[in-house]
Q: 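Please find one structure pasted underneath; my questions will follow.
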Amino acid sequence: MKTEAQPANPNGPLEHLEEWEDFLKTRYPEPASSQASPFQATDPGKKKEQFRNYEADARPSVREFYRLNHQSQTYDFVQAKKREYLSKSRRQMGIWEAMEFLNTLVDDSDPDTDLSQLEHLLQTAEQIRRDGHPRWFILTGLIHDLGKILCLYGEAQWAVVGDTFPVGCAYSDTIVFHQFFEANPDSRDARYQSRLGIYEEGCGLDKVHLSWGHDEYLYNVVKDHLPEEGLYMIRYHSFYPGHREGAYAFLTTEKDRRMFEWVRAFNPYDLYTKNHEKPDVKKLRPFYEELIREYFPTPLRW
Ligand SMILES: [Fe+2]
């Protein structure tokens, strides 16, 4: 139990990264049937009043997390992080090793479920497996959050998790806590605040810079190894303004929009598989080691 006297998390205001995901679950509650319309985005006509309710109900730590995220994720910050991380010169490790590394994120245990990061990943993968999806889909579920090891390199929470959004163009009003963008220097830069900003109509998401976090980092680590559908799931699973709210469609190609169906198919496994039974790591490990070997025969550069 956390008390007032305990020091705050050095990486940010959240007690643990799942606080952000818990907020997403209140904003996007599980449909009555989890099988209901996995390919449907939420009503793009959903209006600001609803966002204001989520904002009013958010914990102070979540509010502070979004404030830091929205004020600090500038176009220049994203470019700097890409220069820093995309050379992948920090470590060489296999997927299971990376899972164990992520598991050392000790201040990140979720008191609601008491599951470790590794158990969370296995839980997501096991639910996908139970639903009879292909092996690459199961593997994608297993690895999708490994980019959170950014926290172990000392990155602030707001630079690891959070709903991602394009930088370099105007902020969609579907983004929660939109008012915090006022403190972002980009909001006073005319180049970045038109509808298209630095981008061209229909240029494709691959050319669009999203706010920096665990999605883009992991995508770059695994991009040569998984089918494109899995890569979209990894790269855009936190891009809620795009895949749930339907914002920024003018930056996408027909292929992006088609691939977003896979991102939406993945989303329920990301958000709603927690709180189920604790996976038996020892028993499951041989299956997953074999699955990892199938797609990642050699260690990866991180
Ligand atoms: Fe994630």
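Just the heavy atoms: all of them, side chains too, but no hydrogens, waters or symmetry mates, feed the values below. Just follow the structure's listing: the first ligand is 1, and inside any ligand the first atom is 1.
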Q: Within 45° of the axis and under 6.0 Å from the centre of the six-membered ring of Tyr288, does NZ or CZ of Arg293 qualify?
A: no
Q: Kindly write out the residues that satisfy side-chain contact (heavy atoms from CB on, under 4.5 Å) with Lys82, not counting sequence neighbours, or none if the list is empty.
A: Val78, Leu86, His209, Trp212, Glu216
Q: Is Arg195 salt-bridged to Glu201, cutoff N-O under 4.0 Å?
A: yes
Q: Where is the tightest heavy-atom contact between His237 and Asn267, given as atom of each residue plus distance?
A: O-ND2, 4.4 Å
Q: Out of the candidates Thr74, Asp189, Val167, only one should pair with Asn184 under the side-chain contact (heavy atoms from CB on, under 4.5 Å) rule; please name it.
A: Thr74
Q: Hey, can you tell me if Trp20 and Phe65 have their rings parallel, tilted or perpendicular (30° and 60° cut-offs)?
A: tilted
Q: Could you name all protein N, O or S atoms found under 2.8 Å from the Fe ion (ligand 1)?
A: Asp145 OD1, His214 NE2, His237 NE2
